[in-house]
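Taking it in order: structure first as structure tokens, then the write-up.
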Amino acid sequence: MPVPASYNDITQDPTLRDFIGWVWYEREVVVPARWIADEGTRVVLRVGSAHYYSVVWVNGVKVTEHEGGHLPFEAEIGSLIRRDPTGPCRITIAVNNTLTLETLPPGTIQYMNDSTRYPDGYFVQNINFDFFNYAGIHRPVLLYTTPKVYVDDITVETNFMDNTGLLRYKVSVNGGGNNTLNVALIDKDGHRVASSNKPSGVLRVVDVKLWWPYLMHENPGYLYSMEVHLTAVSESSAYEDVYTLPVGIRTVNVTSTQFLINNKPFYFHGVNKHEDSDIRGKGLDWPLMVKDFNLMKWLGANSFRTSHYPYAEEILQMCDRHGIVVIDECPGVGIKDIRSFGNASLSHHLVVMDELVRRDKNHPSVVMWSVANEPAAELLPAKFYFKTLIKHTKALDQTRPVTYITMTNYDRDQGAPYVDVVCVNSYFSWYRDSGHLEVIPIQLNTQFENWYRKYQKPIIQSEYGADAVAGLHTDPPVMFSEEYQSALLQSYHDVFDQKRKQYVIGELIWNFADFMTTQGIFRVVGNKKGIFTRQRQPKASAFILKRRYWRLANEMFSN
Ligand code: BDP
């Protein structure tokens, strides 16, 4: 089985495609002799992500386990491989994709006990989310080394005053010893613009070049390099560790009507994505990733939401460099059952936010955390659940706003008082009033007015859209044709254009591309709400959005 990739679409075997349970990956690698000989070297095994539950062994000894399908985990394996320095290193990873009421996303296993209708022991995996539950090792598995004393983590928070950039940082070192740290900030031309020898502090950057979003500035995505140089002496050995972190200096603020980046109003004109494509499923794929960035830039999109789970860090690194703004969503999708609001679910959700913030906190492109998508926010336990979750996330990161994506009626939404930005999904003239495009102006207007009147917070239309089968044409527009999708989008746009003068701060189309779902009578080989096909070819709607997004960009640029 190739890694990285989902295993589901790789073979011709339908039982593997729809498999639920444990699968096993194993491979032997040769570790450089010098890593083994040098006791002062930490050898770390790192898994970018594996969906959903993983147990890892090295040479038959369990080294770690991890719950959660979209975030990295690692284990130090140096002492283990030193036990048998001449033998190969056998890495075994067992992965289980079963979802329960307490996983994120949640699901249930349902046994079908009627022996007149199902074979013995027959069960199905039920889920409440609209994408295929692809499984396997989705991101690269790496072996890397650090010295025994090493840079374990860096946190940066940025600000600026007039022309001076302020970079508050903290470096944490593990492994003890007598350390010396040198921290330097280098600009793109290779000039050292600030430095320090303290583990934490504030670097001042004169004539700062700020990090700006794509299409908001002529030089978007400006990154400095923060070089952290550690030298340490421990038990009469000397160690040296160097880590370079790309840093963008920018601020994010929210008022009751605006989203500000570097104190200027920012309007999200972007997309919702999925990690999804033919054959590889959710596996990381560089050509696909670069293609998607080219398409987003072609479209004039300045942002996307990582619906409905954290994406590969390689994608966020691209966002930093290209100035694409990100709403970073955790895998809290499909939390519908009241039993998924209990303590066990909440504590796992808190751990996932810890892992997510630890991984993504230093990306300038990430401007907001989304803790869930369309939870059953009307249920009473949602109040305590989201209050706790949002408070926890704000304590982890005091610089970014926090939201979750709602579809619950504004009057019954228990968590809305705690979010900084209201993010609403709606599918007028699709799931309700199917075929009746004429209701969009009134219904969308009512939606915005109600939410704003009640909460006085800026609003993002975090999803809207319609399925269109590429190549299907009807005039007048009929559902599932390219014309209907285009007409629906345009009706939404008319209302956005009125409301963005007031408190609507963004629009994210559902979806960037067609994507695979579970089989069901509402889906014809997947969800077809993409403005691009799954193979990334444009439908008519893509050209409509392209015209609109470039117009919006020109407006923002000239402001
Ligand atoms: C929204 C969900 C999204 C679905 C979409 C749809 O957030 O995951 O794919 O509906 O039905 O409510 O297309």
Side-chain angles (χ1 to χ4, degrees), residues 49 68-72 104-105 153 155-158 211 213 248 250-255 258-261 266 268 270-273 275 302-313 315-317 319-320 324-335 345-375 377 382 385-406 413 415-425 455 457-463 505-506 508:
S49 78
H70 312 85
L71 288 164
L104 270 192
D153 194 17
T155 306
V156 300
E157 284 176 17
T158 63
W211 185 94
R250 58 109 184 89
T251 59
V252 172
N253 289 102
V254 174
T255 73
Q258 287 182 319
F259 196 94
L260 303 171
I261 295 184
F266 177 77
F268 294 79
V271 300
N272 289 279
K273 292 186 91 261
E275 288 182 320
N302 62 4
S303 51
F304 68 86
R305 169 162 75 106
T306 69
S307 44
H308 292 310
Y309 38 81
Y311 294 176
E313 341 165 44
I315 296 178
L316 296 178
Q317 289 160 3
C319 290
D320 292 344
I324 302 291
V325 168
V326 176
I327 300 174
D328 202 351
E329 188 156 291
C330 90
V333 55
I335 311 177
S345 298
L346 179 56
S347 29
H348 175 58
H349 208 146
L350 298 177
V351 171
V352 171
M353 290 315 299
D354 292 345
E355 290 181 15
L356 177 62
V357 173
R358 179 171 158 105
R359 193 194 71 162
D360 292 350
K361 62 188 169 186
N362 294 327
H363 289 288
S365 56
V366 173
V367 300
M368 181 152 63
W369 306 110
S370 162
V371 297
N373 178 69
E374 296 182 1
Y385 193 96
F386 284 106
K387 184 179 175 184
T388 311
L389 188 58
I390 292 171
K391 212 171 132 195
H392 180 82
T393 309
K394 288 188 179 235
L396 292 170
D397 175 10
Q398 288 157 18
T399 69
R400 289 179 181 89
V402 182
T403 190
Y404 66 83
I405 316 297
T406 188
D413 195 301
Y418 309 107
V419 301
D420 296 307
V421 172
V422 169
C423 288
V424 194
N425 296 348
Y455 297 103
K457 292 177 187 177
I459 305 176
I460 296 178
Q461 181 77 38
S462 39
E463 282 180 33
I505 56 163
L508 304 175

Heavy-atom side-chain proximity of [X] to [Y] below 4.5 angstrom:
{"X": "Glu313", "Y": "Pro72", "result": "yes"}
{"X": "Phe304", "Y": "Cys319", "result": "yes"}
{"X": "Leu316", "Y": "Asp328", "result": "yes"}
{"X": "Pro213", "Y": "Ile261", "result": "yes"}
{"X": "Val422", "Y": "Lys457", "result": "yes"}

Supply the atom-to-atom distance [X] [atom1] to [Y] [atom2], rounded to the nearest 0.5 angstrom.
{"X": "Ser303", "Y": "Asn272", "atom1": "OG", "atom2": "CG", "result": "9.5 Å"}
{"X": "His308", "Y": "Leu104", "atom1": "NE2", "atom2": "CG", "result": "13.5 Å"}
{"X": "Ser49", "Y": "Arg359", "atom1": "OG", "atom2": "CZ", "result": "8.5 Å"}
{"X": "Asn425", "Y": "Gln461", "atom1": "CG", "atom2": "CD", "result": "7.0 Å"}
{"X": "Met368", "Y": "Cys423", "atom1": "CE", "atom2": "SG", "result": "4.5 Å"}
{"X": "Glu463", "Y": "Asn373", "atom1": "CD", "atom2": "CG", "result": "5.5 Å"}

Can a salt bridge be assigned to the pair Lys361 and Asp153 using a cut-off of 4.0 Å between side-chain N and carboxylate O?
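Between Asp153 and Lys361 there is a salt bridge, with a charged N closer than 4.0 Å to a carboxylate O.
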
Between Asp420 and Lys394, does any NZ, NE, NH1 or NH2 come within less than 4.0 Å of an OD or OE carboxylate oxygen?
yes

Quick one, Val252 with Phe266, criterion side chain to side chain contact (heavy atoms under 4.5 Å, CB included). Give me CA distance, side-chain angles, the key distance, then yes/no.
CA-CA 10 Å; Val252 172; Phe266 177 77; over 6 Å; no

Main-chain N/O of [Y] paired to [X] side chain as donor or acceptor, under 3.5 Å:
{"X": "Thr403", "Y": "Val421", "value": "yes"}
{"X": "Thr306", "Y": "Glu329", "value": "yes"}
{"X": "Tyr455", "Y": "Val419", "value": "no"}
{"X": "Asp320", "Y": "His363", "value": "no"}
{"X": "Ser365", "Y": "Val325", "value": "no"}
{"X": "Tyr404", "Y": "Gly415", "value": "yes"}
{"X": "Arg400", "Y": "Val366", "value": "yes"}

Show the nearest heavy-atom pair for residues [X] and [Y], with the distance to one decimal.
{"X": "Pro458", "Y": "Thr255", "answer": "CD-O, 3.1 Å"}
{"X": "Asn302", "Y": "Gly270", "answer": "OD1-N, 4.3 Å"}
{"X": "Arg305", "Y": "Ser462", "answer": "NH2-O, 3.6 Å"}
{"X": "Pro331", "Y": "Pro310", "answer": "CD-CD, 3.7 Å"}

Consider only side-chain N and O atoms of Asp354 and His392, and report whether a donor and an acceptor are under 3.5 Å apart.
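The answer is yes; a qualifying pair exists.
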
Over 60° means perpendicular and under 30° means parallel, so tell me whether His349 and Tyr385 are parallel, tilted or perpendicular.
perpendicular

Relative to each other, are the rings of Phe259 and Phe268 parallel, tilted or perpendicular (30° and 60° limits)?
perpendicular

May I have the step-by-step check of side chain to side chain contact (heavy atoms under 4.5 Å, CB included) for Lys391 and Thr388, ending in yes or no?
CA-CA 5 Å; Lys391 212 171 132 195; Thr388 311; 5.9 Å; no

Just do the side chain to side chain contact (heavy atoms under 4.5 Å, CB included) check on Glu275 and Ile315 with the steps written out, would you?
CA-CA 10 Å; Glu275 288 182 320; Ile315 296 178; 3.7 Å; yes

Derivation of the side chain to side chain contact (heavy atoms under 4.5 Å, CB included) call for Thr251 and Leu260
CA-CA 8 Å; Thr251 59; Leu260 303 171; over 6 Å; no

